[in-house]
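Only one structure is covered here, and it is reproduced in the block below.
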Amino acid sequence: MTASISRRRFLAASAAASGSLVVGFHVPLSGVASAQGTPSPEVNAWVVVHPDDTVVVRIARSEMGQGTLTGLAQLVAEELECDWSNVRTEYPTPGQNLARKRVWGSFSTGGSRGIRDSHEYVRKGGAAARMMLVKAAADQWKVPEAECVAAKGVVTHRPTGRSASYGRLAPAASRLPLPTDVPLKDPKDWTIAGKRVARLDTVDKTTGAQRYGIDLRPPGMLNAAIRDCPVFGGKVKRVDEAAAMRRPGVRKVVRVGDSAVAVIADTWWHAKTALDALPIEWDEGPDAGASSAKFADVMKAGLDAPDAAVGNRVGDARAAIAAAPRRLEAVYSYPHQNHATMEPMNATARWTPERCEVWTPTQNGEAALAAAAEASGLPLERCEVYKMLLGGGFGRRGAVHDWVRQAVAIAKEMPGVPVKLVWSREEDMQHGRFHPVTQCRLAAGLDAQGNVTALHMRISGQSILAGVFPQNVRDGRDPVVFQGLNPPGPESSIGYTFPALLIDHAMRNPHVPPGFWRGVNLNQNTIYLECFLDEVAHATGRDPLALRRALMANHPKHLAVLNAAAERAGWGKPAPAGVHRGLAQAMGFGSYVAACAEVSVTQDGRLRIHRIVAATDPGHAVNPQQIEAQVEGSFAYGLSAALYGECTVRDGRIEQANFDTYRILRMNEMPRVETIVMPSGGFWGGVGEPTIAVAAPAVLNAIFAATGKRIRELPLKNHSLKRA
């Protein structure tokens, strides 16, 4: 990819990198200092060394609380052999990446790929910089490189004891050619990576020094608030701009596209209150009568429809089930859900006929740059995006950058003036990209001994790719739908062997726009499969762990994490009085995960989740402390969804507008989480998303053990657990 790339090709490349399926590519190391012929602290694209020995590691991936900045910096610092206490990080910009032939690779941070898809080339960046610093010292001392060693940010000549710091050597090193053969350390020799080091951003977050996108206030900035048609697909029919222009501080009323109206004012509150008072008449379009109940009917019909795309097939499951002495069947469903990031969508844009600049929290700087260029009408090389720290992402700020397009369109109305667009909480909640809504019917055939002879899973419902990247849907098949249900492979395999198996999907897409939501389809797929297998175990009088072990004989990594979680939780041993346990396992985003939950339910139906033991095998553990934090955070997010997360549609619009109607887990509801990190090596898996999938089914299975009630339709808030 070159700096003269066409907009169409760039849009396609950045969009593809935003999704859950990304094709790997080679990222060459590149330094510009030697080409410029001037001394520079930039040793190469990844490493900048200042005279005071501060090492700045450039990280292309986005930080949104998951620890990517620290984890990737650890990998670079490990190969660089620098002093960890001197390490800092910074974001390169997507414009710089484009100009330097994408030296930093993908800017996409989603699908738990921040580390697992870039670990090799960032490590090579650190290793190459170390080699250049060593060569600079050897050249200065006129000694063989083999006699020099780097450690803690210092190069030492072993025979004489002479030494020089990286800060002194960096200018000379930056003029050297980049090495072509860059060997990497064996992970068993790591001293910085793989260790529980403190996160680099903790102090700034604790003191309040950390700035998020919503905090940005450049000189001369104006503010904008926006309202889109309450029904997706609707348009603005009529608006009385004069009503807003009479209000304090208002500078302009702007139509944004054909579906939204924005007010620009001196403060955001002036913009928002003027917008609230603005008479707008909407053309709500053909979906004004849509509702969740109607969606459910459409998906229910899809459970029997002949048009279904196959995701996984072994033998003839339908025939085997029809011939089985016994058959079990159940239907599960999963609702629309909101990302509900604590920081609403926002971007600050400045546009002139010559240049467009955007400051925004984004999970993909390149996709944000593409959106800015498209909205600005300027060539890519005359646009730039500056990434800000994200106050929550969860997939919302990755594939779709609608707020960036809006911010640029608004800024074009005030040339040369920075304008910050901030969505209200209500706008953010009701105009997001929502977790897809689906139903699933599972049918199992059992032999006379109660063994599963066949399984058929029919999923009916929404496709994310159809709404986000329709070009990736082939013959009606969205591969993302089958996360966690695929044949054995490196990404998201099912973990069980059935003599006959059929997993298929009848695509049914309502008008509510879908999006990648933390854990994506692995969430509901794990609930469907793990809860149904629990049903099979109880229906046949078998222990749920024993049933799974029998089906997992050919899947040792799945079995290892399940055994670890069950053993730590004490499965098979008496639980405390009134406490009941449930199990779940999954493989997704390249990692193997399992959980055992302990719950109690009072006579009047009050649920308490006491403890969840989680085991995860991500292949390599770059920072075990961050992994534990990610598991805990994913459980808070996943349990919020299971207990309360539901977006309902009435009259074509989302009903939930704020946290009073879209609840999240409260501190006193959070269980104690015990995490077992058990990297087996040989592969690189994700951390931030896989474990979210096992929390809900483990809890649901434990609830059944406690009450005998099987919950097949989420969220739990819609069900009574009160005992008869």
Could you go through R113 and E491, starting from their C-alpha distance and side-chain angles, then the distance that decides it, and tell me whether this counts as salt bridge (charged side-chain N to carboxylate O under 4.0 Å, His left out)? CA-CA 11 Å; R113 283 188 159 87; E491 181 65 23; 3.7 Å; yes
Full working for side chain to side chain donor-acceptor pair (under 3.5 Å) between N451 and R542: CA-CA 10 Å; N451 299 309; R542 301 184 67 180; 3.3 Å; yes
Before giving the answer on side-chain contact (heavy atoms from CB on, under 4.5 Å), spell out for D287 and V512 the whole-Å C-alpha distance, their side-chain angles and the decisive distance to 0.1 Å. CA-CA 10 Å; D287 293 308; V512 175; over 6 Å; no
Applying side-chain contact (heavy atoms from CB on, under 4.5 Å) to M457 and L485, what does each step give before you reach the verdict? CA-CA 10 Å; M457 291 181 65; L485 303 174; 3.9 Å; yes
Start with the C-alpha distance between V314 and T497, add both sets of side-chain angles, then the distance that settles side-chain contact (heavy atoms from CB on, under 4.5 Å), and finish with yes or no. CA-CA 9 Å; V314 177; T497 298; over 6 Å; no
S680 and D617: CA distance, side-chain angles, deciding distance, side chain to side chain donor-acceptor pair (under 3.5 Å) verdict: CA-CA 6 Å; S680 60; D617 178 2; 2.7 Å; yes
For R608 and E598: C-alpha separation, side-chain torsions, deciding distance, then whether side-chain contact (heavy atoms from CB on, under 4.5 Å) applies. CA-CA 9 Å; R608 181 180 176 189; E598 294 184 341; over 6 Å; no
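Rounding to the nearest 0.5 angstrom, the gap separating the NZ atom in K717 from the OH atom in Y644 is 10.0 Å. Taking CG of L721 as the start and CG of L607 as the end, the distance is 6.0 Å to the nearest 0.5 Å. Atom CD of E632 sits about 12.0 Å away from atom CD1 of I627, to the nearest 0.5 Å. To the nearest 0.5 Å, atom CD of residue E329 and atom CD1 of residue I321 are 9.0 Å apart. Between N563 atom CG and R548 atom CZ the span is 12.0 Å, to the nearest 0.5 Å. Summarising the geometry, atom SG belonging to C440 is positioned 10.0 Å from atom CZ belonging to R458; distances are rounded to the nearest 0.5 Å.
Between E713 and H719, some side-chain heavy-atom pair lies under the 4.5 Å cut-off. In this structure, the side chains of I612 and L639 come closer than 4.5 Å at one or more pairs of heavy atoms. Side-chain contact between W423 and H431 is present, with heavy atoms from C-beta onward closer than 4.5 Å. The shortest distance between side-chain heavy atoms of N701 and L583 does not fall below 4.5 Å. For the pair L501 and I494, the minimum side-chain heavy-atom distance is below 4.5 Å. When side chains are defined from C-beta on, L665 counts as touching M670, because their heavy atoms get closer than 4.5 Å. Taking 4.5 Å as the limit, some side-chain heavy atom of F232 sits within range of a side-chain heavy atom of P513. Using a 4.5 Å cut-off on side-chain heavy atoms (C-beta onward), R116 and F589 make contact.
With I692 as reference, N523 is the one residue of V593, N523, V631 to meet the side chain to side chain contact (heavy atoms under 4.5 Å, CB included) rule. The one candidate from L303, V298, I459 that meets the side chain to side chain contact (heavy atoms under 4.5 Å, CB included) condition with Q439 is L303. Checking F394, Y334, F434, Y637 one by one against W517, the ring-ring contact (aromatic ring centres under 6.0 Å, His included) holds for a single residue, Y637.
A donor-acceptor pair is defined here as one N or O able to donate and one able to accept, closer than 3.5 Å; such a pair exists between the side chain of R518 and the backbone of G688. In this structure, the side chain of Q483 engages the main chain of N521 through a donor-acceptor pair within 3.5 Å. Of the possible donor and acceptor atoms, none in the side chain of W684 sits under 3.5 Å from a partner among the backbone N and O of D117. The closest donor-acceptor contact from the side chain of R433 to the backbone of I464 lies at 3.5 Å or more, if one exists at all. Q585 places no side-chain N or O within donor-acceptor distance of the main-chain N or O of L562, the cut-off being under 3.5 Å. Remark: the backbone N or O of V694 is not paired with any side-chain donor or acceptor of T526 at under 3.5 angstrom. A distance-only check finds a donor-acceptor pair linking the side chain of Q337 to the backbone of G645 [under 3.5 Å]. A donor-acceptor pair is defined here as one N or O able to donate and one able to accept, closer than 3.5 Å; such a pair exists between the side chain of E689 and the backbone of S112. Proximity of a side-chain donor or acceptor of R611 to a complementary backbone N or O of A569 within less than 3.5 Å is detected. Here the side chain of E284 pairs no donor or acceptor atom with the backbone of G234 at under 3.5 angstrom.
The minimum heavy-atom distance linking A454 with A317 is given by the pair CB-O, 3.9 Å. Minimum heavy-atom separation, P436 to Q524: CG-NE2, 4.3 Å. In this structure, P335 and E646 approach most closely via the heavy-atom pair CB-CG, 4.0 Å. Scanning all heavy atoms of the two residues, the minimum distance from S460 to G302 falls at OG-CA, 3.4 Å. The two atoms that bring H511 and A290 nearest to each other are CE1-CB, 3.5 Å, heavy atoms only. Of all non-hydrogen atoms in A565 and C596, the two that sit nearest each other are O-CB, 4.0 Å.
The pair D304-R441 meets the salt-bridge criterion, with a side-chain N (NZ, NE, NH1 or NH2) lying under 4.0 Å from an Asp/Glu carboxylate O. E426 and R653 are not joined by a salt bridge, as no carboxylate oxygen comes within less than 4.0 angstrom of a charged side-chain nitrogen. Salt bridge status for R508 with D307: present, with a side-chain N to carboxylate O gap under 4.0 Å. Between D543 and R549 there is no salt bridge, since no side-chain nitrogen of the basic residue lies less than 4.0 Å from a carboxylate oxygen of the acidic one. Between E669 and R606 there is no salt bridge, since none of the side-chain N atoms of the basic residue sits less than 4.0 Å from a carboxylate O of the acidic one.
Side chains of D504 and H456: a donor-acceptor N/O pair is present below 3.5 angstrom, by distance only. Donor-acceptor pairing under 3.5 Å is recorded for the side chains of H336 and Q462. Between the side chains of T648 and Q656, at least one donor N or O sits under 3.5 Å from an acceptor N or O. Using a 3.5 Å distance cut-off with no hydrogens or angles, the side chains of R477 and N472 do not pair a donor with an acceptor. Side chains of T616 and T691: no donor on one and acceptor on the other come within 3.5 Å.
Taking the six-membered ring where tryptophan is involved, the planes of Y528 and Y332 are tilted, since the angle between them lies from 30° to 60°. Between F516 and F469, the ring planes are tilted. Angles from 30° to 60° get that label.
The environment of CD in E567 is sparse: at most 12 heavy-atom neighbours from other residues, nucleotides or ligands sit within 6.0 Å. Few gaps surround CG on N668; more than 12 heavy atoms of other groups in view lie less than 6.0 Å from it.
Aromatic rings of H555 and Y592 (six-membered ring for Trp) have centroids beyond the 6.0 Å cut-off, not under it.
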